[in-house]
Novice: 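The structure is given below, and queries will be raised subsequently.
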2 protein chains.
Amino acid sequence: MATAKARAIASISHAPGETLLAKFARGLGDPTRLRILQLLLDRPRSVSEIIDHLSMPQSRVSNHLACLKWCGYVATERQGRVIIYRVIDRRMRAVIELIREIVADNAAHIASCARIGD
Amino acid sequence: MATAKARAIASISHAPGETLLAKFARGLGDPTRLRILQLLLDRPRSVSEIIDHLSMPQSRVSNHLACLKWCGYVATERQGRVIIYRVIDRRMRAVIELIREIVADNAAHIASCARIGD
DNA sequence: GCAATATATCAGGTTATCTTGATATGATCT
DNA sequence: AGATCATATCAAGATAACCTGATATATTGC
């Protein structure tokens, strides 16, 4: 019952403005962040592991990880020297898969959109 | 049977790279485009109608509409003087709703992310 | 404490994206 | 045809986002 009330209150605080929605979308709007998310959806990984997989400068990976953490999609845990990142919002997998499906059927269209670069 | 083969071929062309996924996400990453999509998910509308709702310069709305059309999310149909836009990919509603849910539970986090502006 | 390892942060230059105003296209009406 | 209405396109300036290299922080092992 308290749960229902809590849900109701939460539901009011829902309905975020388009500004925030857009910000979320831009969060997914970077190929590097998507690759990182994909790796983390596979399983939790340390930063070095991600860097190895992506073959990118460390600062670049670290910056994108910070972004993902800031947005609350991933969390960190220190294990000795290394820091392990993992996805904490289960729905991230669903969004990415849904997007992947849509893109699969619109690849040519999307690729041709000149207002958005590659 | 030809259909099955076609599907198989299509399925190979599936699995789009992160670059295209990211491009899609950036397509949703603009508040104006999201507002337009929301209006069009409500029902098909003419350009003028959208302009009225958004109170924005005509060229701005038109540019964003072009982007949405380019990506294959909306289609147009001329009716006399006006041009009617409507959403053609049913999944657009699902993506936006899913994103809305995630953002609702992460609003504070996302808002605080300094790597992405408002 | 000191060196080494792992990760984070920051500033500067570069590129991408958004916005605006002006102009172009295209259809309708008289 | 000419005028008008509806929409599209383009160029230029402003802003946002990305990348890199250098530096900072934090933990472990000696």
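Side chains included, hydrogens not; waters and symmetry mates left out as well; all remaining heavy atoms used. Letters go in sequence order (proteins before strands), and every chain restarts at 1.
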Novice: Look up atom NZ in B:Lys23 and atom OG in A:Ser112, then write down how far apart they are to the nearest 0.5 Å.
Specialist: 7.0 Å
Novice: Can you tell me if A:Arg93 and A:Gln38 form a side-chain donor-acceptor pair at under 3.5 Å?
Specialist: no
Novice: Just the rounded figure in Å: distance from C1' of D:dT7 to CD of B:Glu49.
Specialist: 15 Å
Novice: Run the side chain to side chain donor-acceptor pair (under 3.5 Å) test against A:Gln58 and tell me which residues pass, sequence neighbours left out.
Specialist: none
Novice: Starting at OG1 of B:Thr32, measure out to CZ of B:Arg60 and round the result to the nearest 0.5 Å.
Specialist: 4.0 Å
Novice: Below 4.0 angstrom, N of the basic side chain to O of the carboxylate: do B:Arg26 and A:Asp30 qualify?
Specialist: no
Novice: Going by heavy atoms closer than 4.0 Å, what residues in residues 35-44 of chain A are next to DNA chain C?
Specialist: none
Novice: Does the side chain of B:His53 pick up a donor-acceptor pair with the side chain of B:Arg35 at under 3.5 Å?
Specialist: no
Novice: Heavy atoms under 4.0 Å is the rule here; annotate nucleotides 17-27 of chain C 5' to 3' with B where the base is hit, S where only the sugar-phosphate is, and - elsewhere.
Specialist: SSBBBB----S
Novice: Which heavy atom in A:Ile88 sits nearest to a heavy atom in A:Ala75, and how many Å separate them?
Specialist: CG2-CB, 3.5 Å
Novice: Tell me whether the side-chain N/O atoms of A:Tyr85 come closer than 4.0 Å to OP1 or OP2 in C:dA6.
Specialist: no
Novice: Could you give the CD1-to-C1' distance, from A:Ile51 to C:dT7, as a whole number of Å?
Specialist: 8 Å
Novice: For the pair B:Arg91 and B:Glu97, find out whether any cationic side-chain nitrogen is under 4.0 Å from an anionic carboxylate oxygen.
Specialist: no
Novice: Among D:dT7, C:dA6, C:dA8, which nucleotide sits nearest the side chain of A:Ser62?
Specialist: C:dA8
